[in-house]
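Here is the structure we will look at.
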Amino acid sequence: MKEKIQKICDDFSKEHNFSGTCLVKQGNDVIFSQAYGFAHRGFNIPNKLNTMFDTASITKVFTATAILILIQKGLLHFEDKITDIINLKGTAIPEDVSIYNLLTHTSGIADDADEEAGENYSDLFINKPNYSIRNTCDFLPQFAYKEPIFKAGTNVRYNNCAFVLLGLAIEKITGMDYRSFVTNNIFVPSGMLNTKFCAMDEVNTDIAEGYIGSYDKNKDFIKWSKNIYSYPPIGSPDSGAYTTVIDLDIFIRKLKANVLLEKEYTNMIFSPHCEFAQPFKCGQPPINAIIRKGYAFEFVEIDSHVFCMRKEGLNDGVGAMLSYYPDIDVTIIIMSNQTMFNQDCNVWQMHRKIENQLPLI
């Protein structure tokens, strides 16, 4: 199996310009781990296994874990309404939107960029400087005054800004800024020594820069560009923490071992919760499966049994996949610092090919 995974990763490096790291691990045994490409193309600094990558939306699993920590402590409840926790007077956020709705993408609130409708997140910063958004509350003007898409609890639609509201709830309840709370209550107790919120305007070490491929009208490659104007300069509750493939594996296994949450709440984050499901069409060979939202994680189910729990992240210059297979205690983690939009999400293709090497079905 190791040799087959090695060949897949080598091929994607050679044929699809994969730049990043990959880790496949079962229990305490590393099946495969390797780094490819450059963390800094200008100085030809190679990626390493301890290179920190932008996680994009994988950050949402840290936010969900932080919310469950507060619920476990009795400081918050799933049924609590977000408008009762933070001041949203004058906005379009409905009074019936609950913490549960926000966690499961069933809130119906408008997003800042509706990615399911094909909107590009980086387009938000064409006329507005991205450095103007640094604190969690800075996101509110981008979405809070838009009309909801549907009534809370009646449908499911992926929503980034739901997690911004969850971050604001964390700050209100704890009196701490979001990044400090997550660092002190998740990263530090997990032993995630190479995970942090890195600002673009700070000097950081062992960080992978993000690159976007540019093309001409014939879709021929021209050059690489940095993603420094594509999103806010530091991570937020919905996106942007930096970590390594090794630390993401540590996070999953510390969760599973009830280090961060008591068993009752660990079981919650390891389970799907949304009643709305969609067919799961990815993978070769095709499987008769559905996909459902949990608390930030999404779950692939076969005959009502969890086959895989996963979270992905995609931004300009960022591609990441975290997946865990509970039946065989395996993680597949891929992090990349290049995106080439004339190709069909090569990190996802790479993940599916690796997944097909595991004894899953």
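Just so it is clear, the model here is predicted, and its values are computed rather than measured. Numbers here are sequence positions counted from 1.
- Ion pairing between Asp111 and Arg157 fails under the 4.0 Å rule for side-chain N and carboxylate O.
- By the side-chain contact (heavy atoms from CB on, under 4.5 Å) test, Ser236 pairs with Phe139, Asp238, sequence neighbours left out.
- Of the N and O atoms on the side chains of Thr243 and Thr195, at least one donor lies less than 3.5 Å from an acceptor on the other residue.
- Classified by interplanar angle (parallel below 30°, tilted 30° to 60°, perpendicular above 60°), the ring pair Tyr211/Trp224 is perpendicular.
- Between the side chains of Tyr121 and Ser239, not a single donor N or O lies within less than 3.5 Å of an accepting N or O.
- Aromatic ring centres of Tyr36 and Phe12: separated by at least 6.0 Å.
- Asp316 and Ser122 are linked by a side-chain donor-acceptor pair at a separation below 3.5 angstrom, with hydrogens and angles left out of the test.
- When only modelled atom types and interatomic distance are considered, Gln34 and Thr21 share no side-chain donor-acceptor pair under 3.5 Å.
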Which donor-acceptor pairs under 3.5 Å do side chains of residues 296-309 form with protein atoms, sequence neighbours excluded?
unit_1 : atom_1 : unit_2 : atom_2 : d
Glu298 : OE1    : Lys293 : NZ     : 3.4
Glu298 : OE2    : Arg310 : NE     : 3.2
Glu301 : OE1    : Arg292 : NE     : 2.6
Glu301 : OE1    : Arg292 : NH2    : 3.3
Glu301 : OE2    : Arg292 : NH2    : 3.2
His305 : NE2    : Asp327 : OD1    : 3.1
His305 : NE2    : Asp327 : OD2    : 2.8

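- Using cut-offs of 30° and 60° on the angle between ring planes, the pair Phe43 and His40 is tilted.
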Handout entry: Residue pair Asp329, Lys256: steps toward the side-chain contact (heavy atoms from CB on, under 4.5 Å) verdict
Key = CA-CA 10 Å; Asp329 196 25; Lys256 185 171 179 285; 3.8 Å; yes

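- Using bins of under 30°, 30° to 60° and over 60° for the plane-to-plane angle, the ring pair Phe163/His105 lands in the tilted bin.
- Comment: Asp138 does not engage Arg134 in a salt bridge, judged by the lack of any side-chain N to carboxylate O separation of less than 4.0 angstrom.
- Between the side chains of Ser57 and Lys60, at least one donor N or O sits under 3.5 Å from an acceptor N or O.
- Ion pairing between a basic and an acidic side chain is recognised when a charged N comes within 4.0 Å of a carboxylate O; Asp96 and Lys81 show no such pairing.
- Salt bridge annotation for Asp249-Arg253: present, with a cationic side-chain nitrogen under 4.0 angstrom from a carboxylate oxygen.
- In this structure, a donor-acceptor pair under 3.5 Å is present between the side chains of Glu355 and Tyr325.
- Inspection of the Ser19 and Asn47 side chains reveals an N or O donor paired with an N or O acceptor under 3.5 Å.
- In this structure, the ring of His77 has its center no less than 6.0 angstrom from the ring center of Tyr100.
- A donor-acceptor contact closer than 3.5 angstrom is absent between the side chains of Ser13 and Asp10.
- A centroid separation of less than 6.0 Å is found between the aromatic rings of Phe197 and Phe187.
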